[in-house]
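Each chain gets a letter, A, B and so on, in the order the sequences are listed, and its residues count up from 1.
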Amino acid sequence: MSSALLGEPPAAPHVEPAEQFASLHQEEEVAKLGIWGFLATEVLFFGGLFLAYGVYRYLYPGAFLAASRHTAIGIGTANTAILLTSSAAMALAVHAAEEGRRRRLFWCLLVTLLLGLSFIVLKGVEYAKDYHDHLVPAVNFAFEPPELARGAQLFFFLYFFMTGVHAIHMSVGLAVIATLIWMNHKGRFSATYSTPVMVAGLYWHFVDLVWIFLYPLLYLGGRS
Amino acid sequence: VRGIPRRIWLSWAALIALLVATYALAYVPLGRASLPVALTIGVAKALIVLLIFMELTKARGILPAFAGVGFFFLAIMFTFSFADYTTRSVEPATQRGLDAIPAPVLPGP
């Protein structure tokens, strides 16, 4: 990696807190509280979908298990491993940022970004397969046996809604990570200031958290 | 690999091990225990992410309340919703059901 791309400045820039804060430390604490407050609303946003899944699985247990047998467990499992690893890379990025190690921060963010992109690509391949298998409600849904089709259609509606909203969150996260790489390139982060990396990290881990529960609910049912 | 904090790579190894375990257990005929087992492993993975990657073990002051409030209200939402769905028998209002209701006797003129 050339130092031109990393743009190493001669010294860490002097960063002042925004005027409403007494110190950078206070600014960071407030930012942390803010992102956790936002994540609490996200917990309830996804929570409503998980509740819908729970209620319909309770009402249509057989159809839900039959339907989850049709999801692509290979891609789902690979994507879980990819996302867990990207979370670890993001945790390393936050650690590197706090230590002011900009080169390591760049590599950790790049790995996180590439893993996130491969998740999205695999998800696209999976959606294409689902379409091919006539599993898309309101587009080409067909399910055998027909007496389970009603419940299975509810399962696949929730599957597309939940994984779709999750993928949108992933895309937002990827845009944020790309921005962090650019900010790092411009020399904005140092051992004294890396709040944006910490905030983006918490968001990224939350998106991972949602997937940790989507995986067993959408892929693992009805396999035994 | 030098300089990678132990807590991070150990957490990653634990997460991958739990993923392999939940994948393998999905093919074991556990009957009704399948879902609780899968969800317990999910909670274990979530706790690793929350406590170590999201650094909640270091949270002080009001931060644990901010981190917990979403899950607290989520628990209320699930508890009350399932208290309803699991105890109420739903009688679908079929066409036949409506026909079976005797027509109201209107007072004659």
Side-chain angles (χ1 to χ4, degrees), chain A residues 29 32-48 50-52 54-55 57-59 61 65 68 73 76-77 80-81 83-85 87-92 94-96 99 101 104 198 201-202 204-206 208-210 212-217 219-224, chain B residues 3-5 7-9 11-16 18-20 22-23 25-32 34-35 37-46 48-50 52-56 59-75 77-78 81-82 84-86 90:
Chain A
E29 293 294 300
K32 194 182 276 183
L33 214 52
I35 183 68
W36 273 107
F38 169 71
L39 293 182
T41 71
E42 289 274 70
V43 166
L44 289 168
F45 172 73
F46 279 101
F50 279 103
L51 178 66
V55 165
R57 179 161 176 164
Y58 176 75
L59 295 176
L65 290 185
S68 24
I73 191 170
T77 307
T80 311
L83 215 48
L84 292 173
T85 308
S87 242
M90 186 47 124
L92 283 179
V94 172
H95 183 73
E99 291 194 329
R101 299 168 71 167
R104 172 171 282 194
M198 177 272 294
L202 287 172
W204 191 255
H205 296 312
F206 172 80
D208 185 27
L209 212 56
V210 171
I212 284 175
F213 288 101
L214 287 180
Y215 172 67
L217 295 177
Y219 294 92
L220 297 183
R223 300 284 169 181
S224 58
Chain B
I4 292 182
R7 62 189 161 84
I8 293 178
W9 70 258
S11 302
W12 174 79
L15 286 169
I16 297 296
L18 286 168
L19 170 62
V20 171
T22 196
Y23 175 82
L25 282 169
Y27 289 93
V28 178
L30 298 172
R32 294 172 65 88
S34 265
L35 183 63
V37 165
L39 287 180
T40 304
I41 293 178
V43 168
K45 282 150 93 182
I48 292 174
V49 172
L50 281 165
I52 299 171
F53 287 172
M54 299 175 90
E55 302 192 324
L56 276 185
R60 297 290 177 270
I62 193 82
L63 192 63
F66 266 60
V69 69
F71 297 102
F72 176 74
F73 282 105
L74 187 67
M77 186 163 79
F78 268 77
S81 300
F82 274 98
D84 181 43
Y85 277 100
T86 54
V90 180

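- Contacts between A/H95 and chain B at a heavy-atom distance below 4.5 Å involve the side chain alone, from C-beta outward.
- In terms of heavy-atom pairs under 4.5 angstrom with chain B, the leader among A/L202, A/T80, A/V55 is A/V55.
- Note on A/L33, A/V94, A/L217, A/T77: by heavy-atom pairs under 4.5 Å with chain B, the leading option is A/L33.
- Annotation: the span from B/L18 atom CG to A/I212 atom CD1 amounts to 9.5 Å, rounded to 0.5 Å.
- Shown here for A/Y58 and B/Y85, the closest heavy-atom pair between the two residues is CE2-O, 3.4 Å.
- In this structure, chain A has heavy atoms under 4.5 Å from both the backbone and the side chain of B/V43.
- Atom-to-atom distance recorded for B/K45:NZ and A/F213:CZ is 9.0 Å, nearest 0.5 angstrom.
- Looking at B/R7, only its side chain comes within 4.5 Å of chain A, counting heavy atoms on both sides.
- For B/F73, the CZ atom is loosely surrounded, since the number of other residues' heavy atoms within 6.0 Å does not exceed 12.
- Among all heavy-atom pairs drawn from B/I8 and A/A88, the shortest one is CG2-O, 3.8 Å.
- With a 4.5 angstrom heavy-atom cutoff, A/Y215 touches chain B only via side-chain atoms.
- Comparing A/S87, A/G221, A/G37 by heavy-atom pairs within less than 4.5 Å of chain B, the highest count is held by A/S87.
- With sequence neighbours left out, the ring-ring contact (aromatic ring centres under 6.0 Å, His included) criterion links B/F66 to no other residue.
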*Where do A/W36 and B/L56 land on the side chain to side chain contact (heavy atoms under 4.5 Å, CB included) test, with the steps shown first?*
CA-CA 11 Å; A/W36 273 107; B/L56 276 185; 3.6 Å; yes
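- For B/F72, no part sits under 4.5 Å from any heavy atom of chain A, backbone or side chain.
- B/P5 has its side chain within reach of A/L92: a pair of non-hydrogen atoms, C-beta onward, lies under 4.5 Å apart.
- Between A/L84 and B/F53 the shortest heavy-atom distance is O-CE1, 4.4 Å.
- Separating the CZ atom in B/R60 from the CD atom in A/E29 is a distance of 11.0 Å, to the nearest 0.5 Å.
- Ranked by heavy-atom pairs under 4.5 Å with chain A, the first of B/G61, B/A46, B/A38 is B/A46.
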*Let me see the working for B/V69 and A/V43 under side chain to side chain contact (heavy atoms under 4.5 Å, CB included), right down to the final yes or no.*
CA-CA 9 Å; B/V69 69; A/V43 166; over 6 Å; no
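- The candidate with the highest count of non-hydrogen atom pairs below 4.5 Å against chain A, out of B/I52, B/L50, B/L30, is B/L50.
- In this structure, CD1 in B/I4 is found 5.5 Å from CZ in A/R104, a value given to the nearest 0.5 Å.
- Looking at every heavy atom in both residues, A/L44 comes nearest to B/G70 through CD2-O, 3.8 Å.
- Considering only heavy atoms from C-beta on, A/I73 comes within 4.5 Å of B/Y27 through its side chain.
- For B/T22, the parts lying near chain A are the backbone and the side chain together; criterion is any non-hydrogen pair under 4.5 Å.
- If you measure heavy-atom distances from A/L51 to chain B, the contacts under 4.5 Å come from both the backbone and the side chain.
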